[in-house]
Each structure stands twice: as C-alpha cells, then as structure tokens.
There are 4 protein chains.
Amino acid sequence: MMVEIGRPRDPRIDSAVLEATAELLGETDYASLSVDAIAKRAGTSKPAIYRRWPSKAHLVHEAVFPVTEYTELPSTGSTLGDVREMMARTFALLTTPAALAALPGLVAEMAVDSTLHAALLERFVDVLSHGLDDWLETARKRGEVRAEVRPADVIDALAGIIFLALITHPETLDEAWMDRTAEFIARGISA
Amino acid sequence: MMVEIGRPRDPRIDSAVLEATAELLGETDYASLSVDAIAKRAGTSKPAIYRRWPSKAHLVHEAVFPVTEYTELPSTGSTLGDVREMMARTFALLTTPAALAALPGLVAEMAVDSTLHAALLERFVDVLSHGLDDWLETARKRGEVRAEVRPADVIDALAGIIFLALITHPETLDEAWMDRTAEFIARGISA
Amino acid sequence: MMVEIGRPRDPRIDSAVLEATAELLGETDYASLSVDAIAKRAGTSKPAIYRRWPSKAHLVHEAVFPVTEYTELPSTGSTLGDVREMMARTFALLTTPAALAALPGLVAEMAVDSTLHAALLERFVDVLSHGLDDWLETARKRGEVRAEVRPADVIDALAGIIFLALITHPETLDEAWMDRTAEFIARGISA
Amino acid sequence: MMVEIGRPRDPRIDSAVLEATAELLGETDYASLSVDAIAKRAGTSKPAIYRRWPSKAHLVHEAVFPVTEYTELPSTGSTLGDVREMMARTFALLTTPAALAALPGLVAEMAVDSTLHAALLERFVDVLSHGLDDWLETARKRGEVRAEVRPADVIDALAGIIFLALITHPETLDEAWMDRTAEFIARGISA
DNA sequence: GCTTAAACGAGACGGTACGTCACGTCTTCTA
DNA sequence: TAGAAGACGTGACGTACCGTCTCGTTTAAGC
C-alpha cells in the first residue's frame with residue numbers, strides 16, 4: 001500500500017489543464033499549441049503539468065479523447081443500420097473541434113513515442129471496439145457476417161476511411177457520403 | 001512561354017537534395033530531420049534549399065512521393081484480383097522507408113499548410129486514381145460494381161485502411177491481412 | 001523593492017559569458033565574433049545570453065568596459081603631469097586586447113542602436129570623468145585653467161585624439177607621441 | 001600602354017552607383033545598406049558594382065568622400081582664425097548626410113580590411129593635410145607655433161575631437177562648441 | 001561586316017550569422 | 001511535497017547579406 005506523503009496534488013489543476021487544452025485546440029492547431037499557453041490559460045504552471053503528463057502529446061491525447069462511459073451499441077435490427085450507427089459514433093468522436101485540430105499532430109507523435117502509441121491505441125480500441133465482439137458474434141450467428149471478419153478489421157475500415165476522408169476532403173463528408181460508406185462497409189463484411 | 005533569365009538553377013542540386021532527404025528519412029523520423037542536415041548531406045546550403053521548396057514539408061513530400069511514370073492497372077480478369085493489385089501498389093507506395101518515416105509528419109503539416117495539403121493530394125490522387133475511372137467504368141458495365149460507387153470512395157477505402165493499419169499495427173500486415181482486406185473492399189464495391 | 005520570483009539567474013553564467021567574450025575578442029575582431037561561439041566557450045547557450053543582453057553589442061560593451069572601482073586622479077602637482085596621467089589611463093582603457101578588437105565595431109553599432117549609444121556613453125563618461133570636475137575646479141582656482149573649459153571638452157580631446165590615432169596610426173603611438181599630445185592638451189586648456 | 005579590348009565599361013554606371021549610394025546613405029545607416037539595394041537604385045547589377053569596387057566599404061568610402069579639387073587654406077591672418085577655418089572644413093566634410101551615416105560603419109571595416117584602411121587614410125590625409133605643411137611652416141616662422149608640432153598631430157586633434165563629439169553628442173555641436181574647440185586647438189599648438 | 005572579348009542584367013550559389021521559439025528539466029521560494 | 005515562476009540546455013527554424021559564379025545578351029573596337 002502506497003502511503004501518500006507531503007502535500008497532495010490539487011485535483012482542480014487536472015481538470016483545469018484538460019479544459020484549457022481542449023479550448024485552445026479549438027483556436028489553433030497542435031503545432032501552434034504551446035505548453036506555456038496551456039499553463040497560462042489553466043492558471044497553473046508548466047511543472048504542474050509535467051508532473052501529471054509525461055509530454056504534451058499525452059496531455060493532448062487525454063484532453064481530446066476523455067474516458068467516457070460506454071453506451072451499448074443499440075441494435076437497429078439490420079447490419080446496415082448498426083454499421084451506420086457505429087460510423088456516426090466514430091465520426092462524432094473524430095470531429096470535435098479539439099480532435100480535428102489534434103489528430104494530425106497526435107498521429108505524428110505516435111510514430112515517434114511508443115508510450116503514446118500504446119496509450120492512444122488502448123483508448124481508441126476501448127471506445128470503438130466496446131461491444132463489437134458481441135455484435136459481430138451475434139451477426140455471424142444470424143448468418144449476416146462472414147466468419148473470417150475480425151473486430152480489428154472493422155475498426156480499421158471504419159476509422160481508417162473516416163480519418164483519411166477527414167484529412168483529405170472534409171468538406172464533402174455529408175449524409176450521402178456517410179450512407180455510401182456505411183453501405184460499403186456493411187457489404188464488405190456481409191456473407 | 002517563360003524566358004529563363006539570370007543564372008539557371010543547378011539541377012544537380014535538386015536531385016542531390018531529394019536523394020539526401022530520402023536517405024536521411026531512412027535513418028531518422030520526420031521530426032528529427034533537419035534542413036541543415038539535408039543541406040550538408042547534399043553538399044549544398046540551406047538557402048539553396050529554401051530557394052526551391054517553400055518549407056521542409058514540401059521538400060519531404062516531393063522526396064517521398066517522386067513523380068513517376070504511370071503504369072497501367074493490369075487487368076487480372078476478376079474484381080478481387082484487380083483490387084488486390086491496387087492494394088499491393090498502394091501498400092508499396094506507403095511502405096518505402098522514406099514514406100514510413102515521413103507520412104505521420106506530413107499528415108501533421110498538411111493540416112496546417114494548405115498549399116502542402118493541395119500538393120500532397122494532387123500527387124496522391126494522381127498516382128492512385130490513374131486508370132481507376134476507366135477500370136470502374138468497365139467493371140460497372142460488366143455488372144460487377146454498383147453504380148453509385150465513386151473513384152474517390154475507392155481511394156478512401158484503399159488508402160485509409162492501409163494508412164490506419166500502418167500507423168496502428170504495422171506488425172500484423174501480412175499476406176493474410178492483405179487478402180482479407182482485398183476481399184472486404186471487393187465485396188464493398190460489388191453489385 | 002522588486003521581489004525575486006521563480007528560478008534566479010545563475011550568476012556564474014553572467015561572468016562566464018563576459019569572460020568568454022573578452023577572451024574571444026583577443027582572438028578575433030568584432031565582426032567575426034559570433035554569439036554561438038561565445039555561448040560555446042562559456043559553456044552555456046544562446047538563449048541564456050539573449051536573456052541577459054538585448055544584443056551582441058550590449059554584451060560586448062559590458063565585457064570590454066567592465067564596471068570597475070574608481071581610483072582617484074592622483075595629483076602630480078602640475079597640470080601637465082595630471083593631463084599626462086589622464087592620458088595614460090584613457091590609453092590603457094582603450095588598448096586592452098578586447099577594446100582594440102571591439103571598439104570599431106561598437107562605434108558602428110552605437111550609431112544604429114540608441115540604447116547601446118546611451119549605455120556606452122554612460123559607462124564611458126562615468127569612468128573618464130570621475131574626479132574630473134573637482135580637478136578642473138582646483139586647477140581653475142590656481143589660475144592654471146581657463147574658466148570656459150568644460151569637463152566634456154577635456155574628454156572629447158583626450159578620448160577623441162587617442163581614439164583617432166589608435167584607428168589610424170597605432171604603430172606611432174610611442175612615448176614621444178604621448179608627451180607631445182599631453183603638452184598639446186595641457187596648453188589647450190591652460191590660462 | 002594597356003590596350004583596351006572588349007566592351008568598355010559604361011562610365012554612367014560609375015556615377016549612377018556613387019549617387020545611389022550617397023542617396024541611400026541619407027535614408028539608412030551603413031549596416032542596413034545592401035549592395036543589392038544600391039544596384040537596384042542605380043539601375044544596374046551587383047556584378048557591375050563588384051567589377052568596379054572590391055567591397056561595399058570601398059564603394060561607400062568613395063561615395064562619401066569624393067575626390068575634390070583642393071582649395072587653398074585661406075589665411076585669415078591669425079592662428080585662431082586659420083584653425084577655426086580648418087575646423088569648419090573638417091566639420092563640413094564629416095557632416096554630410098552620407099558621411100554621418102557611413103562613418104561609424106567605415107571605421108569598423110577599416111579595422112578589418114587593411115586595403116580600405118590605406119585608402120581611407122590616403123583620401124583623408126590628402127584632403128585635410130593639403131596645405132597644412134606650408135601653413136605650419138609659415139606660422140612657425142612667425143613664432144606662433146611651437147617647433148615640435150607636427151602636421152599629423154594637428155589632424156589627430158582636429159579630426160579626432162570632431163569625430164568623437166559627432167558620435168557621442170552631435171546635438172551639442174553648436175557655434176559655441178566650435179569656438180571653444182578652435183581656441184583649445186589654437187592654444188594647443190601655440191608657442 | 002565579321003570577329004572578338006569584355007561588360008552587362010539577372011539571379012543562383014556557398015557561407016555564415018542572426019535572433020526567436022518551444023520542448024522538457026531544474027532550481028528557487030512559498031504555502 | 002506541491003505549487004508558481006521562470007531560468008536552463010538543446011536544437012532547429014527561416015531570413016538576410018556578403019561576394020562570387022554562371023548564364024544569355026549587348027556593345028564597341030579591330031580586322
């Protein structure tokens with residue numbers, strides 16, 4: 001049992017920093033975001049930040065993808081409908097102002113920092129794949145999804161297509177595109 | 001017709017710099033790549049580089065994705081076979097040592113620099129979509145591809161899935177993964 | 001009263017930089033003196049230097065003309081003797097290796113940077129005119145110096161003549177020249 | 001006899017460059033004056049300039065102190081009057097807009113470039129000392145100037161005092177200052 | 001009138017330093 | 001020991017100017 005010694009950390013700093021980070025990411029991109037600016041906006045100091053997160057990237061990752069309660073994948077009754085719902089969730093996750101500003105930068109840092117890589121993956125897979133195993137199992141039993149389709153493949157497709165589309169042609173991601181893409185993925189995994 | 005005036009640029013510098021950049025990207029990642037180091041390796045100077053490319057990102061983009069001769073999409077006779085071939089090409093394009101090192105960084109800079117965004121897209125779409133229109137048209141006529149599938153959708157799927165897989169779990173991208181993914185995409189666009 | 005807050009500056013850096021600057025000025029001229037080299041020699045960094053001095057010129061000025069203890073103008077009993085002593089001091093001040101190397105460059109920067117101009121003048125006048133007012137007063141009372149001679153005029157003459165001679169014909173500044181010039185100045189201010 | 005071969009130099013370029021240099025020195029200081037800007041203003045090119053002058057400093061030196069006709073030192077009848085006239089001439093030479101802007105810079109370059117040093121001295125001594133030998137000789141014969149006073153000493157005093165005063169307190173160089181200084185110098189050389 | 005050779009404009013070149021910026025760490029004082 | 005403040009080393013950024021070079025073109029003098 002770890003005994004806490006000395007002055008305890010002020011939990012208000014944690015949230016103030018996360019909020020400040022998300023706010024600032026709504027105003028500038030990842031590269032122009034400085035830790036000094038975050039500290040100032042949060043009314044704290046750089047060392048207090050580095051005591052909590054090992055690097056700017058880790059902080060941003062946590063600010064952009066906060067740990068949230070899982071909500072069950074609602075069953076719409078059809079494969080297409082369920083895929084459409086998963087897409088909507090993934091899309092929502094990736095298109096908050098903070099996520100839009102931070103994602104490219106995080107991707108760059110991921111490639112260099114393996115601890116960030118791991119953290120980012122875990123957080124992501126957690127959120128996106130939650131309930132996916134069960135859903136796939138059920139759909140497979142109904143004969144609607146091929147046996148060899150793996151959860152990771154579905155995430156690759158969902159997240160990969162949305163991510164690439166977001167960074168290359170965000171202006172064309174309308175309802176029609178969502179529909180076409182859902183149809184594409186649903187057929188891709190169908191028996 | 002633009003008339004050349006003044007001392008012409010030394011074309012050997014262009015190629016030496018591009019080569020040096022690609023070489024260095026085989027040794028370090030994008031962030032650790034300095035323009036000074038490129039200049040030194042290429043036997044030239046920083047100003048000579050900035051005279052040719054507006055930023056490090058533009059230079060890297062050109063070094064990593066050189067303009068190449070287009071080769072026709074070979075028809076294997078089946079949709080699946082053709083998709084598998086397109087995947088192989090896209091995969092090859094994205095997994096040169098230089099591309100692996102540079103891609104995350106380029107994605108980050110793309111988000112900030114719109115001229116780079118445009119340049120990168122043009123280069124990419126050029127290479128990947130070459131012949132795709134015709135191929136889709138033909139496949140559509142044979143009744144193998146749905147009418148609403150667009151070339152851009154195919155590129156999103158191909159490049160998006162491969163890119164995300166590369167930056168998240170490159171170690172699992174074996175032949176089996178390529179096969180499953182080709183199957184997925186082929187079914188996704190099929191009638 | 002200013003309260004010090006945050007990490008205090010390391011005073012060893014101040015002195016190491018000043019020493020390094022003076023040393024390097026003994027080896028090269030002002031123009032070839034780079035801030036990078038100073039930082040390296042002093043075992044510190046460029047930002048640490050620019051935190052302390054607003055420009056290379058301000059740093060050099062302080063390194064070349066350090067604030068020193070004032071020593072009284074010793075009275076030799078005669079106007080000529082006292083002038084000769086003042087000349088010797090001015091000459092010593094301007095002919096340290098660092099001063100010889102730096103002075104022309106400082107003069108050039110003075111013309112451009114008004115803050116440097118002010119700083120350089122203050123330092124100079126401080127050192128050269130210290131005790132001069134009293135000396136002139138005394139000499140005037142003895143009837144040896146004309147009433148209208150001002151301290152600034154004496155400094156102009158002393159420093160101006162020595163400076164111009166130094167930059168135009170340093171090789172001829174022997175004892176005889178010093179004697180002739182002291183005689184010239186002593187007569188110039190005499191009643 | 002050197003035979004001219006090839007296209008002769010365009011003499012209009014010489015004068016256009018000198019004029020442009022003097023003009024620009026009325027607008028900025030020596031350091032901010034670029035050879036590119038001179039070439040542009042003169043409607044010519046950098047190589048044409050470097051064909052004529054070995055460095056920026058040499059060009060500026062010639063632009064600021066053009067070779068002029070010597071005018072005799074007018075005898076005012078008194079030592080003081082003659083010295084006052086010499087001061088006026090020296091002052092005029094050093095206070096053209098171009099000279100004011102260029103002098104500090106030239107002094108700095110002089111210290112580094114020995115060919116410039118020589119050129120600048122020759123030009124200066126030529127102008128200032130012209131007729132001085134004769135004048136001194138005459139004054140000496142009249143018993144008004146001490147035997148050991150040398151022409152170079154007079155130039156040191158005249159130019160040194162004016163130069164230092166110009167770069168340190170130009171705003172106080174009024175008629176009264178000129179009078180006091182002429183008196184000082186006249187007494188300094190008097191028997 | 002043709003040849004010759006250098007001057008010309010434009011601008012690229014290598015070199016070198018500039019002053020700035022942000023990162024993540026360290027050091028001080030205070031709570 | 002946390003916290004605020006801010007200095008620290010590191011290392012790269014993009015810019016500026018120097019004086020030289022390499023082009024293609026123009027200009028005069030000599031044959």
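Proteins come first, then strands; the chains are lettered A, B, ... in the order of their sequence lines, and each starts at number 1. All values derive from a computational prediction rather than experimental measurement.
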(request) Give the nucleotide from the list E:dG19, E:dC13, F:dG3 with an atom nearest to the side chain of B:Asp10. (result) E:dC13

(request) Anything under 30° is parallel, anything over 60° is perpendicular, the rest tilted; go ahead and classify A:His58 against A:His61. (result) perpendicular

(request) Assign D:Pro54 to base, sugar-phosphate, or nothing according to its heavy-atom contacts below 4.0 angstrom with the strands shown. (result) nothing

(message) Looking at E:dG9, I'd like to know if its phosphate oxygens (OP1 or OP2) sit under 4.0 Å from a side-chain N or O belonging to D:Thr44.
(response) yes

(message) Under 4.0 Å, heavy atoms only, any strand: does B:Arg12 hit a base, just the sugar-phosphate, or nothing?
(response) nothing

(request) Hey, which sits more toward the 5' end of DNA chain E by its nearest nucleotide, C:Val35 or B:Ala48? (result) B:Ala48

(request) Using atom OH of D:Tyr30 as one end and atom P of F:dC18 as the other, report the distance to the nearest whole Å. (result) 9 Å

(request) Select base, sugar-phosphate, or nothing to describe what C:Ser55 touches, counting heavy atoms under 4.0 Å on all strands. (result) nothing

(request) Test B:His117 against every option in B:Asp113, B:Leu120, B:Leu121 by the side chain to side chain contact (heavy atoms under 4.5 Å, CB included) rule and name the one that passes. (result) B:Leu121

(message) So for D:Lys56 and F:dG19, does any side-chain atom that can act as donor or acceptor lie under 3.5 Å from a complementary atom in the base?
(response) no

(message) Applying side-chain contact (heavy atoms from CB on, under 4.5 Å) to D:Leu18 and D:Trp53, what does each step give before you reach the verdict?
(response) CA-CA 11 Å; D:Leu18 289 171; D:Trp53 294 276; 3.8 Å; yes

(request) Among E:dG11, F:dT15, E:dG24, find the nucleotide with the atom closest to the side chain of B:Tyr50. (result) F:dT15

(request) Specify the separation, in whole Å, of atom CZ of D:Arg9 and atom P of E:dA7. (result) 5 Å

(request) Could you grab the distance from atom CG of A:Asp10 to atom OG1 of A:Thr44, nearest 0.5 Å is fine? (result) 8.5 Å

(request) Could you check how far CG of D:Asp36 sits from C1' of E:dG9, rounded to whole Å? (result) 13 Å

(request) Specify the separation, in whole Å, of atom NE2 of D:His58 and atom C1' of F:dG19. (result) 14 Å

(message) Do B:Leu24 and B:Glu27 have side chains that approach each other closer than 4.5 Å (heavy atoms only, starting at C-beta)?
(response) yes

(request) Answer with base, sugar-phosphate or nothing: what part of the nucleic acid does C:Ser45 contact at a heavy-atom distance below 4.0 Å? (result) base

(request) Could you check how far CD1 of C:Ile13 sits from P of E:dT27, rounded to whole Å? (result) 12 Å

(request) Please evaluate the base of F:dG14 for a donor-acceptor partner in the side chain of B:Lys46 within a cut-off of under 3.5 Å? (result) yes

(message) Any carboxylate oxygen within less than 4.0 angstrom of a Lys/Arg side-chain nitrogen, looking at C:Arg52 and C:Asp14?
(response) yes

(request) Have a look at B:Ile38 and say if it touches a base, only the backbone sugar-phosphate, or nothing, with a 4.0 Å heavy-atom cut-off. (result) nothing

(message) Side-chain N or O of B:Ser34 versus OP1/OP2 of F:dG11: is the shortest distance under 4.0 Å?
(response) no

(request) Remember a base hit wins even if backbone is also touched, and classify B:Ile49 as base, sugar-phosphate or nothing at under 4.0 Å, heavy atoms. (result) nothing

(request) Taking only the side-chain heavy atoms of C:Arg52 (C-beta and beyond), determine which of F:dG6, E:dT20, F:dA7 contains the nearest atom. (result) F:dA7

(request) Output yes when at least one side-chain N/O atom of A:Arg51 is less than 4.0 Å from OP1 or OP2 of E:dC26, else no. (result) no

(message) What is the separation between atom CD on D:Glu109 and atom P on F:dC17, rounded to the nearest whole Å?
(response) 15 Å

(message) Output the rounded distance in Å from CG (B:Asp29) to C1' (F:dA12).
(response) 14 Å

(message) Can you measure B:Leu59 atom CG to F:dC13 atom P for me and round it to whole angstrom units?
(response) 11 Å

(message) Nearest heavy atom decides the nucleotide; on that basis, is D:Ser32 or B:Arg7 closer to the 5' end of DNA chain F?
(response) D:Ser32

